[in-house]
K.L.:
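Take this structure, written in structure tokens, and hold onto it; I'll ask about it next.
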Amino acid sequence: METKTDIQSIDNIELVFLTIDDYKEIKNAMQEAYSNMPESYWKEQHIKTLIEKFPEGQVGIKVDGELAGCALSIIVDYSKFDDKHTYNQITGNYTFSTHTANGTKLYGIDVFIRPKFRGLRLGRRLYDYRKELCEKLNLKGIVFGGRIPNFHQYAPHMTPREYIDKVRKKEIHDPVLNFQMSNDFHPARVLQGYLEGDKESKEYAVLLEWDNVYYEKETDTAASKKTIVRLGLIQWQMRLYKDFEELMQQAEYFVDAVSGYRCDFALFPEFFNAPLMSRYNHLSEPEAIRKLAEYTEDITKRFAELAISYNINIITGSMPEIVNNNLYNAGYLCKRDGGIERFEKLHVTPDEAKVWGLQGGNTIQTYDTDCGKIGILICYDVEFPELSRLLAEDGIDILFVPFLTDTQNGYSRVKSCAQARAIENECYVAIAGSVGNLPKVHNMDIQYAQSMVFTPCDFAFPTNGIKAEATPNTEMILIADVDIDKLRELNQLGSVRNLKDRRTDIYQIKRTGK
């Protein structure tokens with residue numbers, strides 16, 4: 001019996017275009033996925049034809065180099081089919097002659113995940129890819145016939161329409177239909193005699209649709225595609241949690257929420273895990289924060305799992321961490337492809353050094369992600385313009401700043417400096433902080449925050465340089481789209497060009513080489 005794959009054992013998840021060299025793995029994966037229909041697998045000529053006709057539509061997802069599942073699609077002129085079509089008709093009797101680059105809708109031919117990789121939300125990634133492809137190709141939407149494999153259990157006393165209605169109401173569980181509806185596909189009608197030989201579904205299927213809200217009718221006007229990145233900022237409420245699990249349950253709630261809006265990044269604040277120090281309030285401040293540091297490894301592992309499960313890049317905020325008996329303020333970038341990278345606070349405040357014994361880190365770096373190059377500075381670090389300038393010279397598009405401030409004075413310093421960084425470095429800056437109070441944690445009594453996303457100030461951006469802002473001192477999430485292409489235009493055609501107009505002939509900023 002094949003066991004499920006453990007998230008913690010995964011090093012890399014990769015979405016790939018299929019090639020005919022993958023056929024043996026595709027066949028084996030289908031036989032595993034459709035073990036109750038062992039002969040239901042695509043022949044080599046079918047895969048070859050699909051790849052030749054529409055390579056972008058045939059993708060696989062690999063876990064540590066092993067094919068975990070696939071999604072196969074074609075583009076059809078949907079006006080040539082009515083809503084009562086069969087699988088045989090839509091595929092041109094499996095020749096895929098119905099595919100046309102001038103079609104109106106993306107039609108899902110197949111999606112499957114091998115049993116041992118289920119539970120990792122890999123199917124969701126494949127559907128997300130289809131949605132992105134649909135938007136990229138400016139198609140009206142996605143449509144496909146979804147099987148209802150549990151229907152045979154209810155067929156003697158229930159019509160397909162009644163079955164679907166009960167699945168929708170959560171009175172009946174259907175693994176396929178439930179999954180598809182949870183991924184924003186809505187049932188349009190029942191298809192009778194859809195897939196020949198599908199005994200489990202009694203040859204019924206549900207016509208499922210997803211509409212592309214970004215679809216635009218073609219015009220003679222030239223239009224360029226924009227690169228949009230969606231940011232999810234968590235304005236975290238400091239409150240007492242009974243244990244580690246309860247804290248992480250709240251963290252997962254927020255990850256789930258921003259992931260549900262298809263965010264590319266989730267940003268947590270600095271020291272968001274401070275409530276766990278309440279159980280150590282009988283100790284001195286330096287001892288208590290070192291106790292808090294004991295949770296950092298486990299929190300990072302959990303965030304790494306959530307990044308994979310929810311298909312989102314997570315910036316963990318920051319946490320105390322002990323390295324060679326030295327106490328640092330560090331955090332992690334947990335990527336949705338399984339990668340993990342560390343960042344550290346370079347400038348500790350006088351209070352952090354005096355009360356906790358924190359030391360500043362030594363590493364200045366940028367991070368490559370599937371949404372471009374980013375930088376991360378923790379709180380006080382953003383008040384030193386040299387750091388962000390070095391990151392800008394390395395090509396960042398977005399600067400993330402997890403912070404923790406107790407007073408409005410402290411917050412104003414972070415806010416004002418972060419906004420300046422966006423202007424002078426021609427990049428987006430996202431800041432996220434904590435609100436509320438912790439009466440049972442020494443040196444963490446009160447917090448003040450208003451999470452925000454800043455932009456440069458020019459005609460293509462908001463006039464005040466603020467893309468989005470949260471309500472002050474209220475627990476909430478803030479979601480904002482940032483357009484990377486606008487940064488490129490600004491760099492070349494902006495009213496002012498801060499990066500290009502630097503007088504490097506009379507001044508420079510450089511690393512010391514430490």
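Index from 1, following the sequence.
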K.L.:
Measure up the Trp356 and Phe271 rings against each other and bin them: parallel (under 30°), tilted (30 to 60°), perpendicular (over 60°).
P.N.:
perpendicular
K.L.:
Name the residue from Leu377, Ile376, Ile431, Ile234 that meets the side-chain contact (heavy atoms from CB on, under 4.5 Å) definition with Pro402.
P.N.:
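Going through the options one by one, the only one that passes is Ile376.
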K.L.:
Quick one: is the NZ or CZ of Arg336 closer than 6.0 Å to the six-membered ring centre of Tyr310, and within 45° of its axis?
P.N.:
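Output no; distance or angle outside limits.
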K.L.:
Does any donor atom in the side chain of Ser495 or Asp458 lie under 3.5 Å from an acceptor atom in the other side chain?
P.N.:
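Yes, a side-chain donor-acceptor pair sits under 3.5 Å.
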K.L.:
Are Gln359 and Asn326 close enough that a side-chain donor and a side-chain acceptor fall under 3.5 Å?
P.N.:
yes
K.L.:
Do the ring planes of Tyr380 and Phe384 sit parallel (below 30°), tilted (30 to 60°) or perpendicular (above 60°)?
P.N.:
perpendicular
K.L.:
For a quick check under 3.5 Å, do Asn329 and Glu270 share a side-chain donor-acceptor pair by atom type?
P.N.:
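A donor-acceptor contact under 3.5 Å links the two side chains.
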K.L.:
Roughly how far, to the nearest 0.5 Å, is CZ of Arg488 from CG of Leu493?
P.N.:
13.0 Å
K.L.:
Considering only NZ, NE, NH1 and NH2 on the basic side and carboxylate oxygens on the acidic side, decide whether Glu32 and Lys116 come within less than 4.0 Å.
P.N.:
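Salt bridge: no.
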K.L.:
Over all heavy atoms of both residues, which pair between Leu106 and Ser73 is shortest? Give the atoms and the distance, please.
P.N.:
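So the two residues come closest at CD1-CB, 4.0 Å.
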K.L.:
From Leu306 CG over to Ile7 CD1, what is the distance, rounded to the nearest 0.5 angstrom?
P.N.:
8.0 Å
K.L.:
Going through the checks in order, is the side chain to side chain donor-acceptor pair (under 3.5 Å) test met by Ser416 and Gln419?
P.N.:
CA-CA 5 Å; Ser416 299; Gln419 188 163 20; over 6 Å; no
K.L.:
State whether Glu383 and Lys415 are salt-bridged, where the test is any N-O pair (Lys NZ or Arg NE/NH1/NH2 against Asp/Glu carboxylate O) under 4.0 Å.
P.N.:
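Between Lys415 and Glu383 there is no salt bridge, as every charged N stays at least 4.0 Å from the carboxylate O atoms.
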K.L.:
Output, in order, the C-alpha distance, side-chain angles, deciding distance and verdict of side chain to side chain contact (heavy atoms under 4.5 Å, CB included) for His347 and Leu387.
P.N.:
CA-CA 10 Å; His347 300 86; Leu387 291 180; 3.5 Å; yes
K.L.:
So with a 6.0 Å cut-off around CG of Asp505, is the heavy-atom count from everything else above 12?
P.N.:
yes
K.L.:
Is it true that Glu426 and Lys486 make a salt bridge, defined as a side-chain N closer than 4.0 Å to a carboxylate O?
P.N.:
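Looking at Glu426 and Lys486, the cut-off is not met.
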K.L.:
Do Asn313 side-chain atoms and Asp264 backbone N/O form a donor-acceptor pair below 3.5 Å?
P.N.:
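Looks like yes, one N/O pair under 3.5 Å.
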K.L.:
Taking the ring centre of each residue, are Tyr428 and Phe265 less than 6.0 Å apart?
P.N.:
no
K.L.:
Check this for me, if you would: do Asp184 and Lys131 make a salt bridge, where the nitrogen-to-carboxylate-oxygen distance has to be below 4.0 angstrom?
P.N.:
yes
K.L.:
Can you confirm whether more than 12 heavy atoms, excluding those of Glu56, are under 6.0 Å from its CD atom?
P.N.:
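It does: Glu56 CD has more than 12 such atoms within range.
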K.L.:
Hey, what's the ring geometry for Trp236 with Phe254, parallel, tilted or perpendicular (30° and 60° as the breaks)?
P.N.:
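Rings of Trp236 and Phe254: tilted, 30 to 60°.
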K.L.:
Evaluate whether atom CD of Glu297 has more than 12 neighbouring non-hydrogen atoms of other residues, nucleotides or ligands under 6.0 angstrom away.
P.N.:
no
K.L.:
Do Asn498 and Glu424 have a side chain donor and acceptor closer than 3.5 Å?
P.N.:
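On atom types as modelled, these side chains do not qualify, holding no pair under 3.5 Å.
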K.L.:
Mark yes or no for whether Asp64, through its side chain, and Asp11, through its backbone, hold a donor-acceptor pair below 3.5 Å.
P.N.:
yes
K.L.:
Is the OH atom of Tyr253 crowded by more than 12 outside heavy atoms at less than 6.0 Å?
P.N.:
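No.
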K.L.:
Tell me, with the steps shown, if Phe303 and Phe272 meet ring-ring contact (aromatic ring centres under 6.0 Å, His included).
P.N.:
CA-CA 13 Å; Phe303 272 128; Phe272 81 97; 5.7 Å; yes
K.L.:
Assess whether atom NZ of Lys140 is packed by more than 12 heavy atoms of other residues, nucleotides or ligands within 6.0 Å.
P.N.:
no
K.L.:
Say you draw a straight line from CD of Glu393 to CD of Gln508; how long is it, rounded to the nearest 0.5 Å?
P.N.:
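Rounded to the nearest 0.5 Å, the CD-CD separation comes to 8.5 Å.
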